[in-house]
Amino acid sequence: MLFLALIPVAISAQESNRWDALLLVDSRIGYSTNTLLIPFQNEWDRTSGSGYGLLSPVARVERFGSSAVLSLSGGALFEPFLGDRTSLLGGFGIIDYRYRIGSGLSAGVETGGSRLSAATNQDLLWVQPVLYWSPTPFTQVRARAGSTIHHRKGNVSEGEEDTTTRFDLFGVEIETWPRLNWQVRGGIFGNLSRPLQSPGFRFHIDHLPNPDLRAGLRFSLDSYRVSLSEEGGFGLPGGGNGTVIETDRILRAGVSLQYRLNRLMTVTLSADRLALFSHQEDVIHDSQLSAGLRFLIRPRLNGGNRAEAEWEQNNGQSVTIRLRYTGEGALYITGSFNGWEHPGVPLLRQSSGRYAVQLDLEQGVYEYKVLLAEGDEEEWIEFGDQTYTVSDGFGGTNGLIFIE
């Protein structure tokens with residue numbers, strides 16, 4: 001949810017057999033007038049407003065090969081409520097495999113499952129083949145389709161029975177960066193058996209004025225078809241009983257703000273507004289507000305260090321790139337400015353852990369990587385959180401230089 005996958009870059013050095021990992025802990029408190037606006041709640045209940053908390057640790061481990069990437073994720077959930085509402089407990093696991101078909105094109109499959117336990121238990125199992133296409137370095141289109149099995153254990157005290165439902169769903173999403181500090185995401189979702197009936201829409205726009213601050217707007221529209229039994233021949237020749245299909249629509253709008261305090265902690269704020277347009281009654285409005293603290297830890301695997309890079313445009317079109325890196329070996333920079341030449345332009349060591357290089361570049365946006373060479377061994381240096389980056393589309397990241 002925090003990363004943009006973009007096209008792979010064809011260069012000489014190999015990224016095979018590389019591991020990466022992260023641990024994310026999301027914590028927040030909030031208040032909502034409808035449980036549908038509370039994270040991980042998927043049922044409509046507005047009988048009373050509810051304060052809530054959230055604690056959700058998530059771990060992910062990824063292995064990158066020369067043509068494939070495998071991602072394993074797992075997490076837990078604890079969501080307590082004020083009042084008489086039962087606290088929510090849960091967990092999930094996801095396996096995501098992606099294979100690079102060619103430049104700008106990858107295919108893969110995602111499968112996983114989850115269990116949520118409150119007044120009743122709810123289990124989800126899903127599998128979705130996914131196709132990724134990146135027509136430009138700053139745009140990606142994702143198409144997915146698959147089946148989801150939902151099992152709900154009925155509440156015995158209320159005379160409910162267990163139910164199992166299968167949904168065959170599809171989604172088409174697009175992510176793009178129209179400018180360096182702006183990200184736009186949108187998508188359409190629906191049922192495979194009725195793709196043109198009651199689709200859902202999502203739209204997000206985020207502004208990143210600096211690497212530490214992200215402000216966002218989001219909108220969504222979901223449609224729900226309701227079957228109503230009518231008597232007296234409503235719309236039916238010759239009278240008699242029949243069924244009328246009505247459509248209810250839920251429009252949601254929200255704002256969010258994230259500010260990174262340091263490499264580990266980020267403050268989050270979120271507010272949402274919901275409007276239900278129903279065939280049965282007037283428009284219904286609900287709201288949600290939350291604040292939280294997010295912790296992100298990236299263990300250093302493969303014995304490697306992360307590098308922090310920054311660039312400064314000098315007079316004219318000369319650019320100075322400075323790099324902080326504490327490891328050993330010779331460093332080279334290569335990218336779209338020199339056709340990804342191998343090994344690239346050497347970075348000059350200025351002092352312990354500090355390197356620099358000056359480049360003459362025309363106006364435009366450039367992607368780059370830093371290569372570490374130790375004898376006959378070569379590997380890409382991973383960038384730290386303070387560096388402007390985009391994903392290279394295959395698990396790694398490319399640095400960004402923006403020349404005005």
Provide the closest heavy-atom pair for Ala309 versus Leu323 in the form atom of the first, atom of the second, distance. CB-CD1, 3.5 Å
Hey, are Asp286 and Thr33 close enough side-chain-wise for a donor-acceptor pair under 3.5 Å? yes
Close side-chain approach of Ser290 and Tyr52, heavy atoms under 4.5 Å: yes
Kindly indicate, with the supporting measurements, whether the criterion side-chain contact (heavy atoms from CB on, under 4.5 Å) is fulfilled by Val109 and Val127. CA-CA 7 Å; Val109 63; Val127 58; 3.9 Å; yes
Looking only at side chains, do Gln41 and Glu79 share a donor and an acceptor under 3.5 Å apart? yes
For Pro129 and Ala145, work out which heavy atoms get closest and say how close. CD-O, 2.8 Å
From CA spacing to verdict: side-chain hydrogen bond (donor to acceptor under 3.5 Å, both in side chains), Ser32, Asn34: CA-CA 5 Å; Ser32 177; Asn34 190 329; over 6 Å; no
Using the side chain to side chain donor-acceptor pair (under 3.5 Å) criterion, which residues pair with Ser117? Sequence neighbours excluded. Asn121
Hey, are the side chains of Leu276 and Val283 touching, using non-hydrogen atoms and a 4.5 Å cut-off? no
Under the salt bridge (Lys or Arg N to Asp or Glu O under 4.0 Å) criterion, do Lys153 and Asp123 qualify, and how do the steps go? CA-CA 9 Å; Lys153 184 177 179 60; Asp123 299 319; over 6 Å; no
Note, Leu221 side chain near Arg249 side chain (heavy atom, < 4.5 Å): yes
Would Glu110 and Arg98 satisfy salt bridge (Lys or Arg N to Asp or Glu O under 4.0 Å), going step by step from the backbone distance to the final call? CA-CA 9 Å; Glu110 178 188 293; Arg98 188 188 306 182; over 6 Å; no
side-chain contact (heavy atoms from CB on, under 4.5 Å), that's the test. Do Leu257 and Arg214 meet it? Break it down for me. CA-CA 6 Å; Leu257 187 69; Arg214 174 187 288 259; over 6 Å; no
Less than 4.5 Å apart, any side-chain heavy atom of Arg349 and any of Leu331? no
Would you indicate whether the side-chain heavy atoms of Thr35 and Trp44 approach each other to under 4.5 Å? no
Specify whether Trp182 and His207 have parallel, tilted or perpendicular ring planes, treating 30° as the upper limit for parallel and 60° as the lower limit for perpendicular. parallel
Looking at Ser114 and Trp126, what are the two nearest heavy atoms and their distance? N-CZ3, 4.1 Å
Side-chain donor-acceptor pair under 3.5 Å between Ser270 and Arg218, yes or no? yes
Using every non-hydrogen atom in the two residues, find where Leu116 and Gly90 come nearest and quote the distance to one decimal. CD2-CA, 4.1 Å
What distance separates Ser256 OG from Leu269 CG, expressed to the nearest 0.5 Å? 9.0 Å
Is a salt bridge present between Arg28 and Asp26, judged by a nitrogen-to-oxygen distance below 4.0 Å? yes
Decide yes or no for Leu293 and Met265: does some side-chain heavy atom of the first lie under 4.5 Å from some side-chain heavy atom of the second? yes
Do you know which two heavy atoms are closest between Ala107 and Ile101, and how far apart they sit? CB-CD1, 3.7 Å
Do Arg273 and Gln288 pair up side chain to side chain, a donor and an acceptor below 3.5 Å, judged on atom types alone? no
Between Asp222 and Arg252 (salt bridge meaning N to carboxylate O under 4.0 Å), is one present in this structure? no
Flag if over 12 foreign heavy atoms under 6.0 Å of CG, Asn262: yes
How about Ile174: does its CD1 atom have over 12 heavy atoms from other parts shown lying under 6.0 Å from it? yes
Just say parallel, tilted or perpendicular for the rings of Tyr325 and Tyr355, cut-offs at 30° and 60°. tilted
Indicate yes or no: at least one non-hydrogen side-chain atom of Arg60 is less than 4.5 angstrom from one of Leu72. no
Counting only N and O atoms by type, is there a donor-acceptor contact under 3.5 Å from the side chain of Trp311 to the main-chain atoms of Leu400? yes
Scan side-chain atoms only and decide if Arg142 and Gln140 contain a donor-acceptor pair under the 3.5 Å cut-off. yes
May I ask you to check whether Phe40 and Phe78 place their ring centres under 6.0 Å from each other? no
Kindly say whether Thr47 contributes a backbone atom to a donor-acceptor pair with the side chain of Asp45 at under 3.5 angstrom? yes
Given the rule in the side-chain contact (heavy atoms from CB on, under 4.5 Å) test, do Leu296 and Thr266 qualify, once you have shown the distances and angles that lead to the verdict? CA-CA 8 Å; Leu296 177 63; Thr266 299; over 6 Å; no
What verdict does the side-chain contact (heavy atoms from CB on, under 4.5 Å) test give for Tyr224 and Ile250, after you've listed the backbone C-alpha separation in whole Å, the side-chain angles of each residue and the deciding distance to 0.1 Å? CA-CA 8 Å; Tyr224 300 90; Ile250 296 179; 3.7 Å; yes
Distance-minimising heavy-atom pair for Leu347 and Val357: CD2-CG1, 3.4 Å
Counting only N and O atoms by type, is there a donor-acceptor contact under 3.5 Å from the side chain of Lys369 to the main-chain atoms of Tyr332? no
In terms of side-chain heavy atoms, does Thr176 have a donor or acceptor partner in Thr139 at a distance below 3.5 Å? yes
For Ile95, is the CD1 atom crowded, meaning more than 12 foreign heavy atoms sit under 6.0 Å from it? no
Polar contact flag, side-chain donor to acceptor under 3.5 angstrom, Ser147-Asp168: yes
Test log, rule side-chain hydrogen bond (donor to acceptor under 3.5 Å, both in side chains), inputs His342 and Glu378: CA-CA 11 Å; His342 178 265; Glu378 297 178 346; 2.9 Å; yes
Phe383 side chain near Asn398 side chain, heavy-atom distance below 4.5 Å: no
Just by distance, no angles: are the side chains of Thr165 and His150 close enough, under 3.5 Å, to form a donor-acceptor pair? no
Does a side-chain N-to-carboxylate-O contact under 4.0 Å join Arg144 and Glu173? yes
